[in-house]
Number of protein chains: 2
Amino acid sequence: MTGYVPTYRVILNDLRKSIASGQLKPGDKLPTLSELADKYDCALGTARRALEILLETGEIIGKQGKGTYVAEKKL
Amino acid sequence: MTGYVPTYRVILNDLRKSIASGQLKPGDKLPTLSELADKYDCALGTARRALEILLETGEIIGKQGKGTYVAEKKL
DNA sequence: TACGATTTGTTCGTATGTATC
DNA sequence: GGATACATACGAACAAATCGT
């Protein structure tokens with residue numbers, strides 16, 4: 001089984017793994033939407049969906065015109 | 001000022017208010033995507049965006065082919 | 001059993017706006 | 001002004017699950 005995993009979930013999991021492992025540290029800039037879409041061979045909207053969840057949960061911070069960054073750890 | 005509020009945020013806030021006020025109780029069925037899109041005069045995708053956030057945060061539960069329901073309060 | 005209608009779930013494409021560099 | 005990048009919104013297509021006939 002293992003089931004089907006939607007693309008946006010794959011991206012979401014990968015990013016969370018990168019943050020948890022310290023590969024991406026607080027303040028670090030994440031790949032752009034274009035880079036993610038290219039890496040996972042998906043549409044921009046699909047890549048964005050992963051980021052939207054991380055944004056909503058406060059795990060990353062989006063800065064218009066600049067990029068998205070790993071949020072500072074909150075206690 | 002007062003700032004612009006995106007449509008999906010308006011829907012999100014309204015639904016959260018309905019849940020917090022008890023107007024929508026745990027187990028209750030939420031309006032369908034079509035109904036929300038109709039009520040707020042927006043596209044299905046925009047209405048869905050509000051629900052996706054509530055789904056991600058566990059505030060509601062989606063059941064394919066049936067509808068979306070207010071989640072049981074967790075302790 | 002089979003079919004259609006309904007509803008949620010995923011993905012794509014496009015357009016426009018806003019902010020930064 | 002132009003290029004880059006995030007933010008919102010629309011439309012469309014298809015899959016999967018459910019329900020009623």
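Residue numbers begin at 1 in each chain, while the letters A, B, ... track the order of the sequences.
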**Fill in**
Reading nucleotides 11-21 of chain C from 5' to 3' and marking B where a protein heavy atom lies under 4.0 Å of the base, S where only the sugar-phosphate is that close, and - otherwise, the string is BSS---BBBBS
**Prompt:** Looking across every strand, which nucleic acid part, if any, lies under 4.0 Å from A:Leu55 by heavy atom: base, sugar-phosphate, or nothing?
**Reply:** sugar-phosphate
**Asked** What distance do A:Lys66 atom NZ and A:Lys63 atom NZ have between them, rounded to the nearest 0.5 Å?
**Response** 5.0 Å
**Interatomic distance where CZ belongs to B:Arg48 and P belongs to D:dA13 [whole Å]** = 19 Å
**Prompt:** Between A:Pro6 and A:Thr46, is any pair of side-chain heavy atoms under 4.5 Å apart?
**Reply:** no
**From OG1 (A:Thr68) to CG (A:Leu30), nearest 0.5 Å** = 4.0 Å
**Asked** Given B:Ile60, which of B:Ile53, B:Leu24, B:Leu55, B:Leu15 fulfils the side-chain contact (heavy atoms from CB on, under 4.5 Å) condition?
**Response** B:Leu55
**Request:** Would you mind reading off the distance between A:Ile60 atom CD1 and D:dA5 atom P, rounded to a whole angstrom?
**Result:** 15 Å
**Asked** For A:Glu56 and D:dC6, what is the distance between atoms CD and P respectively, to the nearest whole Å?
**Response** 18 Å
**Asked** For the atom pair OH (A:Tyr8) and CD (A:Glu52), what is the distance rounded to the nearest 0.5 Å?
**Response** 11.0 Å
**Item:** Cluster link B:Leu44 to B:Leu12, ILVMFWY, side chain under 4.5 Å
**Value:** yes
**Asked** Restricting to pairs with a member in residues 16-42 of chain B, which pass salt bridge (charged side-chain N to carboxylate O under 4.0 Å, His left out), not counting sequence neighbours?
**Response** B:Arg16-B:Glu59
**Asked** If pairing requires Watson-Crick or G-U wobble contacts with both distances under 3.5 Å, which nucleotide is the partner of D:dA16?
**Response** C:dT7
**Complete:** Distance col, row A:Ile11:CD1 vs A:Cys42:SG, nearest 0.5 angstrom, shows 4.0 Å
**Request:** Please list, by residue number, the residues of residues 31-39 of chain A whose heavy atoms come closer than 4.0 Å to an atom of DNA chain D; answer none if no residue qualifies.
**Result:** A:Thr32, A:Leu33
**Request:** Send over the distance from B:Leu30 CG to C:dT7 C1', rounded to a whole Å.
**Result:** 13 Å
